Amino acid sequence: MTEEFVRQNQKGYDSGHDWWHIVRVRKLASFINDMEVLADPFEVDITALLHDTADSKFAGRDNDEGYQLIKNFMDSCGMSDLRDKIIDVIKNVSFSSKNKKENPDDPLLWVIQDADRLDAIGAIGIARAFNYGGFRNNKIYDPDVINTENGEMGSSKQGTASTVSHFYEKLLLLKSMMNTQTAKRLAEERHEFLELYLRQFYKEWEFGAGRDKH
Ligand code: ADP
Ligand code: NI
């Protein structure tokens, strides 16, 4: 029932946020929680399923309407007692969330946040980033922008940033933001792959740079 509700809601989203993102986050969250035994497995499952339902970037409505939709849905299938707890977690999962707490102390949030962040890095994270960049019609790379390790940028304006800049603003920072040991461990390989990818990207971009002109 929750699956059907989420599938219907996720339809207009880009393919980096589609039903398969939900499936991956659900599996990652369940794995992390099995390893660490932090939260109730049913709550982990329901929260993973619903975590992107209210995302204003795609839903064509503001976040509050999305939260209301989730509330109504949970009430309609007898989950009213879990409702506020789960909405609170969903509000705090997002990297960019404005109403996010500084130091989350909810184990359910740790698990869902880690799972969502793991899906933003590694090979799938790269695919999602370029897909999102395409969806927004962003450049893949802008050589005039200086990207720095700590996520600051030389001269990029919001909305004009390239997808490679997004690596420095967000993706490369996620490894050190993981809450659980299990996610930290899973993040290692995915993070290394981001670095490997960037090295190859720049190598190809610089092709011919050192070549003698005849
Ligand atoms: P969150 O839900 O944690 O705020 P987002 O919804 O912003 O995260 O991001 C979800 C996915 O879209 C991630 O894979 C992220 O890397 C990608 N994404 C978000 N913003 C950009 C961007 N400006 N350029 C490329 N990818 C992006
Ligand atoms: Ni998500």
Side-chain angles (χ1 to χ4, degrees), residues 2-3 6-7 9-30 32 44-63 66-67 70 86-87 89-101 104 108-142 145 147 151-153 156-179 183 186-187 190-191 193-194 197-198 201:
T2 306
E3 283 189 17
V6 174
R7 269 180 188 265
N9 255 289
Q10 225 73 11
K11 268 189 182 150
Y13 291 24
D14 81 318
S15 76
H17 282 85
D18 64 4
W19 168 248
W20 297 110
H21 165 62
I22 306 296
V23 171
R24 292 188 302 268
V25 169
R26 199 180 179 187
K27 279 196 247 177
L28 284 162
S30 156
I32 294 168
V44 168
D45 205 36
I46 292 292
T47 317
L49 273 165
L50 293 170
H51 84 273
D52 269 338
T53 301
D55 194 322
S56 59
K57 283 197 291 305
F58 305 100
R61 53 171 180 259
D62 64 22
N63 286 340
Y67 299 137
I70 298 173
I86 286 178
I87 301 264
V89 170
I90 292 172
K91 283 185 179 169
N92 281 282
V93 168
S94 172
F95 179 84
S96 48
S97 170
K98 286 179 211 80
N99 34 23
K100 179 170 71 177
K101 295 176 198 152
L108 179 60
L109 175 60
W110 300 340
V111 172
I112 303 297
Q113 203 168 43
D114 281 1
D116 200 32
R117 287 173 174 170
L118 282 168
D119 202 52
I121 56 177
I124 288 180
I126 295 171
R128 291 181 72 212
F130 283 102
N131 185 71
Y132 183 88
F135 179 75
R136 297 287 298 268
N137 209 16
N138 292 343
K139 292 182 181 139
I140 56 170
Y141 175 53
D142 183 348
V145 173
N147 295 300
E152 285 164 24
M153 287 187 305
S156 173
K157 288 177 238 91
Q158 262 243 308
T160 58
S162 73
T163 300
V164 167
S165 288
H166 183 67
F167 279 62
Y168 296 89
E169 290 166 316
K170 173 173 170 180
L171 307 188
L172 292 167
L173 311 180
L174 292 176
K175 183 182 75 154
S176 61
M177 293 167 66
M178 296 296 167
N179 302 298
L186 293 172
R190 294 177 188 225
H191 183 90
F193 194 76
L194 295 180
Y197 178 83
L198 285 175
F201 187 99

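The structure presented is a predicted model; accordingly, all values stated were derived computationally and were not measured. We're numbering straight along the sequence, starting at 1. Start at 1 and go down the list; that is how both ligands and their atoms are numbered. Hydrogens, waters and symmetry mates are skipped; everything else that's a heavy atom, side chains included, is used.
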Are L118 and I32 close enough that some pair of their side-chain heavy atoms sits under 4.5 Å apart?
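Yes; the side chains approach each other to less than 4.5 Å.
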
For [X] versus [Y], what's the shortest heavy-atom pair and its separation?
X	Y	answer
A115	A29	CB-N, 3.6 Å
L194	F167	CD2-CE2, 4.0 Å
L50	I90	O-CD1, 3.7 Å

How about CZ on F130, more than 12 heavy atoms from neighbouring residues, nucleotides or ligands closer than 6.0 Å, or not?
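Atom CZ in F130 is crowded, with more than 12 foreign heavy atoms closer than 6.0 Å.
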
Partners passing side chain to side chain donor-acceptor pair (under 3.5 Å) against R26 (at least two apart in sequence or in another chain):
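Side chain to side chain donor-acceptor pair (under 3.5 Å) list for R26, sorted by chain: E3, D45.
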
Compute the shortest N/O to N/O distance between R128 and ligand 1 and return yes if it is under 3.5 Å, no if not.
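The answer is yes, given that R128 and ligand 1 share an N or O pair closer than 3.5 Å.
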
Evaluate T163 for polar contact with ligand 1, using N/O atom pairs at a separation under 3.5 Å.
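No - when backbone and side-chain N and O of T163 are compared with those of ligand 1, no distance drops under 3.5 Å.
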
Mode of K170 contact toward ligand 1 - side chain, backbone, both, neither (heavy atoms, under 4.0 Å):
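The answer is the side chain.
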
Side chain, backbone, both or neither: which applies to L171 and ligand 1 if a contact is any heavy-atom pair less than 4.0 Å apart?
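Near ligand 1, L171 shows its side chain, while the N, CA, C and O stay back.
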
Which residues pass the side-chain contact (heavy atoms from CB on, under 4.5 Å) test with I124, not counting sequence neighbours?
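Counting only residues at least two positions away or on another chain, I124 forms a side-chain contact (heavy atoms from CB on, under 4.5 Å) with R24, D119, R128.
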
Excluding sequence neighbours, so at least two apart, what forms side-chain contact (heavy atoms from CB on, under 4.5 Å) with F201?
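Applying side-chain contact (heavy atoms from CB on, under 4.5 Å) to F201 gives I140, Y141, V164, Y197, W205.
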
Environment of the Ni ion (ligand 2) in terms of protein N/O/S atoms, cut-off under 2.8 Å
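Near the Ni ion (ligand 2), the protein supplies H21 NE2, H51 NE2, D52 OD2, D116 OD1.
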
